[in-house]
Amino acid sequence: MNIQYKPIDLIQEIQKNNYSYTHTFTKKLTVADEKVEKLQDKAERFKKSVKKLKRYSSGAISRDLLESQVDDLLKSYNDMKNSSGEVADKDVQKQLSKLDKLFSDNENSLKKIGVETVNGRYVLDSKTFSEVSDKTLSTLFEGHDSFIGKVDKILRKVDETASDAQYSINEFPVSQTHKYEQADMTLAALMTLAGQTTAALQSCNDLVQSGQISDIDVQNSVKKLLAYFAQSAYRTDSANESPNIDRLNQLCLSQRDKLADLGMTFDSQQKEMTFHAGIDMTTPDFQNAYNELFGKNAAFGNAVIGYSKNVFNDIIQPDQIGVSIIDTQA
C-alpha cells in the first residue's frame with residue numbers, strides 16, 4: 001500500500017530532505033535455481049543412457065557395446081544422484097526418492113548382471129556381466145514393465161518437476177531516490193495554495209452572498225483568501241515550463257473583468273496579479289462576480305483546482321515515488 005500524504009506535507013518532506021524523496025519498494029524478479037539447473041544437466045546425460053538401453057533387444061547388439069551402455073547408465077546415475085542432494089524442491093526430491101527406491105528394490109536382479117555399490121556408487125563388474133545370460137538381461141531391459149522401463153517413467157517425472165522448479169519469483173527491496181529542483185518545489189507549493197485557497201473561497205460563497213459579509217472578521221478572512229489566490233494562481237514566471245500553468249494564466253486573464261470586481265488586477269505587462277484589500281465587498285458587483293467565479297460548482301473555480309492539481313502531479317509524480325495524495329480540495 002502506498003504511503004499517503006497531504007500535498008503540503010509531501011512538499012515539506014521533500015524540502016527537508018534536500019529536495020529529494022526516497023521510495024523503497026519491492027521488485028519481483030524471475031530467478032533461475034542454479035542447483036536445479038545443475039541437476040537437469042546431469043539428468044540429461046542419464047536420460048540419454050536410459051534411452052539407449054530401452055532399445056535393447058536380445059542378440060541385437062554385441063555384449064561389449066551393451067556393457068558400455070550399462071556402465072554409462074550407472075555412471076550418469078551416480079553423477080545425477082550426487083548433485084540431487086542440493087535441490088530443495090520437495091516435488092523433485094519425491095521423484096528422485098522413487099528412482100532411488102527402484103534401484104534398491106532391484107538390487108538382487110542388478111547384482112546378477114554385476115551391478116554393485118562401492119562407497120555409495122553403483123559400479124559394474126565386467127567379469128560377472130560377461131557371464132550373464134540373455135534371459136537375465138532381457139528381464140531388466142526389455143518391455144515397459146522392465147527395470148529400465150520403470151526408470152524411464154520416473155525420469156520423465158523428474159524432468160517435469162525440475163522444469164517447474166527451475167525458475168522462481170523472488171522479491172527484492174529496492175530504493176529509488178527522485179530529485180527535484182527547488183524552483184519546481186516552490187511552484188508546487190504555490191499551486192497547492194492556489195487549489196486549497198480556491199476551495200476555501202468556494203465554501204465562503206454563502207457568507208459573501210448573505211448579510212454576514214458586512215462583518216469585519218468575515219471580510220478579513222475572505223480578503224486574506226483573495227490575496228493568497230492572487231499570489232498563487234497567476235504565475236507567469238513558469239508559463240513556459242508547464243502547459244497547465246499557461247492554461248491557468250489564460251483562464252485568469254479571460255476573467256480579468258470579474259476578477260477586477262473582486263479587487264484583483266494585473267500590471268501593465270500582465271506579469272502578476274495583485275489583490276487590493278480596499279475593495280468594497282458589500283456591493284452587488286463584488287457579490288455577483290464572486291458567485292460567478294467561486295460559487296458552488298462555478299466553472300472558473302473548478303478549473304483552477306483542476307489545473308493546480310495537474311501542475312502538482314506533473315512536478316511531484318506521485319505514482320513514480322510510491323505515494324498517494326489525500327485530496328484536501330474535495
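If you read the sequence from its start, that first residue is 1, and numbering goes on from there.
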Grab the two heavy atoms, one from [X] and one from [Y], that are nearest each other, plus how far apart they are.
{"X": "Arg63", "Y": "Ser130", "value": "NH1-O, 3.6 Å"}
{"X": "Leu251", "Y": "Ala303", "value": "CD2-CB, 3.6 Å"}
{"X": "Tyr77", "Y": "Asp100", "value": "OH-CA, 3.4 Å"}
{"X": "Ser58", "Y": "Ser138", "value": "CB-OG, 3.7 Å"}
{"X": "Leu155", "Y": "Met80", "value": "CD1-SD, 4.3 Å"}
{"X": "Gln4", "Y": "Ser324", "value": "CG-OG, 3.1 Å"}

Donor-acceptor pair, side chain of [X] and main chain of [Y], under 3.5 angstrom:
{"X": "Ser203", "Y": "Ala200", "value": "yes"}
{"X": "Asp71", "Y": "Glu67", "value": "no"}
{"X": "Asn205", "Y": "Phe294", "value": "no"}
{"X": "Gln93", "Y": "Ser84", "value": "yes"}
{"X": "Asp9", "Y": "Tyr5", "value": "no"}
{"X": "Asn78", "Y": "Leu74", "value": "yes"}
{"X": "Asn244", "Y": "Tyr307", "value": "no"}
{"X": "Ser109", "Y": "Asn106", "value": "no"}
{"X": "Tyr290", "Y": "Leu201", "value": "yes"}
{"X": "Gln219", "Y": "Ile213", "value": "yes"}

Exceeds 12 heavy-atom contacts within 6.0 angstrom, atom [atom1] of [X]:
{"X": "Leu29", "atom1": "CG", "result": "yes"}
{"X": "Lys75", "atom1": "NZ", "result": "no"}
{"X": "Asp280", "atom1": "CG", "result": "yes"}
{"X": "Glu131", "atom1": "CD", "result": "yes"}
{"X": "Tyr21", "atom1": "OH", "result": "yes"}

Look up atom [atom1] in [X] and atom [atom2] in [Y], then write down how far apart they are to the nearest 0.5 Å.
{"X": "Asn310", "Y": "Arg247", "atom1": "CG", "atom2": "CZ", "result": "8.0 Å"}
{"X": "Leu96", "Y": "Lys98", "atom1": "CG", "atom2": "NZ", "result": "11.0 Å"}
{"X": "Lys271", "Y": "Asn249", "atom1": "NZ", "atom2": "CG", "result": "10.5 Å"}
{"X": "Ser76", "Y": "Glu44", "atom1": "OG", "atom2": "CD", "result": "11.0 Å"}
{"X": "Leu99", "Y": "Phe46", "atom1": "CG", "atom2": "CZ", "result": "5.0 Å"}
{"X": "Asp152", "Y": "Leu53", "atom1": "CG", "atom2": "CG", "result": "11.0 Å"}

Apart from Ile216 itself, what residues make up its hydrophobic cluster when side-chain heavy atoms of I, L, V, M, F, W and Y under 4.5 Å apart count as a link, directly or indirectly?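 None, because no other hydrophobic side chain comes under 4.5 Å of this residue.
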
Would [X] and [Y] pass as an ion pair if we require N to O under 4.0 Å?
{"X": "Glu107", "Y": "Lys111", "value": "yes"}
{"X": "Asp72", "Y": "Arg45", "value": "yes"}
{"X": "Arg121", "Y": "Asp79", "value": "yes"}
{"X": "Lys127", "Y": "Asp125", "value": "no"}

In terms of hydrophobic clusters joined by side-chain contacts under 4.5 Å, are [X] and [Y] together?
{"X": "Leu110", "Y": "Val70", "answer": "yes"}
{"X": "Val311", "Y": "Leu253", "answer": "yes"}
{"X": "Val31", "Y": "Tyr167", "answer": "no"}
{"X": "Ile279", "Y": "Tyr228", "answer": "no"}
{"X": "Leu193", "Y": "Phe275", "answer": "no"}

I want to check something: taking the side chain as every heavy atom from C-beta on, are [X] and [Y] in contact at a cut-off of under 4.5 Å?
{"X": "Phe286", "Y": "Asp261", "value": "no"}
{"X": "Ile325", "Y": "Ile316", "value": "no"}
{"X": "Lys224", "Y": "Asn220", "value": "no"}
{"X": "Tyr180", "Y": "Ile321", "value": "yes"}
{"X": "Val92", "Y": "Leu39", "value": "yes"}
{"X": "Gln202", "Y": "Ile305", "value": "yes"}
{"X": "Ile148", "Y": "Tyr56", "value": "no"}
{"X": "Gln69", "Y": "Leu65", "value": "yes"}

Can you check whether Phe229 and Tyr234 have ring centres sitting under 6.0 Å from each other?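 No, they do not, as the ring centres are separated by 6.0 Å or more.
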
For Asp33 and Lys35, run salt bridge (Lys or Arg N to Asp or Glu O under 4.0 Å): C-alpha distance rounded to whole Å, both residues' side-chain angles, the deciding distance at 0.1 Å, then the answer. CA-CA 5 Å; Asp33 189 321; Lys35 295 175 181 178; over 6 Å; no

Evaluate the criterion side chain to side chain contact (heavy atoms under 4.5 Å, CB included) for residue pair Leu137 and Ile113; output intermediate values, then yes/no. CA-CA 7 Å; Leu137 291 171; Ile113 68 169; 3.9 Å; yes

Intermediate values then yes/no, side chain to side chain contact (heavy atoms under 4.5 Å, CB included), Leu262 and Leu293: CA-CA 10 Å; Leu262 299 184; Leu293 295 177; 3.6 Å; yes

Criterion side chain to side chain contact (heavy atoms under 4.5 Å, CB included) against Phe300, the qualifying member of Glu292, Gln255, Lys258: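 With Phe300 as partner, side chain to side chain contact (heavy atoms under 4.5 Å, CB included) holds for just one option, Gln255.
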
Evaluate the side chain to side chain contact (heavy atoms under 4.5 Å, CB included) criterion for residues Cys204 and Leu225: first the C-alpha distance (whole Å), next the side-chain angles of each, then the deciding distance (0.1 Å), finally the verdict. CA-CA 10 Å; Cys204 290; Leu225 291 173; 4.0 Å; yes

Go through the steps for Ile245 and Met191 under the test side chain to side chain contact (heavy atoms under 4.5 Å, CB included), then give the verdict. CA-CA 9 Å; Ile245 286 290; Met191 286 297 102; 3.7 Å; yes

